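Here, residue 1 is the first one in the sequence, and each next residue gets the next number. Please read these numbers as outputs of a predicted model, since none were measured by experiment. The analysis underlying the following values was restricted to heavy atoms, covering all of them including side chains, and did not include hydrogens, waters or symmetry mates.
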Amino acid sequence: MSVFMVIIGILMVLGGIACVATPVATTFSLMYFFMILLFVTGITFLIDSIRFRFVPGIVLGILSLIAGGFILFSPNMSFMTETIMLYIMAAWFVIRGIFGLVNVIRRRRFISGGLFVLGLIVSILVICAGIYSFVHPAVFAGALGLLASCYFIVEGIDLIVLGCIGNRLRPL
C-alpha cells in the first residue's frame, strides 16, 4: 500500500505541475480534474481509515467518492451545477484542511519538526483558501485553475509522506 501511495502521490504532484503550466486549459477541464482528485483521495482515505479504524476518515472518503460521482454523472448541466461546484469545492477545501490539521497534530511524534510545521502551514492555508472561496466565489472561479494545481500538489505531497511513514503509524 505504501508504494502505491507514493506512486500516486508522485503522479499527482506531476499532474499539479502540469496544471500550473496550463492554468487556462486546467480551468476549462477542471471538473474532470476534481473528479479524478476526489476519487483518488476518497479511495485512499477509505483504505487507510479502514486499516486504522478511523471513522471520520471513512466518512470523508465516502463524501469524496459521492462528490466525485456527482461530477462524473452531471458535468454538462446548467450554470447551477457549476455554481454549486464552486461551493462544494470551497467546502471541500475547508474540510480537507481541518482533517489535515487534525492528522498533523495527532501524528506529530512521528513527524520531524520541519515536516510538522510544513503540515500545519499547508493545512491552515487550505482552510483559509476554502473560507475565502465561500466569501468571494467569483475570485475562486477565476483562480480555479491555479488552485486546482496547488491542491493536486498538496494532495500528492500528502500521499507521498503518508506512503513513506505509513508503516510506522499505529492507531492512536
As an exercise, state the distance from [atom1] of [X] to [atom2] of [Y], rounded to the nearest 0.5 Å.
| X | Y | atom1 | atom2 | value |
| --- | --- | --- | --- | --- |
| Leu159 | Ile10 | CG | CD1 | 10.5 Å |
| Ile43 | Phe39 | CD1 | CZ | 7.5 Å |
| Asp48 | Met5 | CG | CE | 5.0 Å |

| Short side-chain to backbone donor-acceptor contact, Ser149 and Val20, under 3.5 Å | yes
| Are any side-chain N or O atoms of Thr44 and backbone N or O atoms of Thr41, one a donor and one an acceptor, separated by less than 3.5 Å? | yes
| field | Residue among Leu120, Leu118, Val161, Val117 satisfying side-chain contact (heavy atoms from CB on, under 4.5 Å) with Val104 | value | Leu120
So which heavy atom on [X] is nearest to which on [Y], and how close?
| X | Y | answer |
| --- | --- | --- |
| Val94 | Ile131 | CG2-N, 3.7 Å |
| Ile157 | Val13 | N-CG2, 3.8 Å |
| Ala90 | Ser133 | CB-CB, 3.6 Å |
| Ile62 | Leu46 | CG1-CD2, 3.9 Å |
| Trp92 | Ser64 | CH2-OG, 2.8 Å |
| Leu101 | Ile124 | CD1-CG1, 4.2 Å |

| Asp158: what forms a side chain to side chain donor-acceptor pair (under 3.5 Å) with it, not counting sequence neighbours? | Arg96
| query | Does one hydrophobic cluster hold both Val3 and Leu11, with members joined at side-chain heavy-atom distances below 4.5 Å? | reply | yes
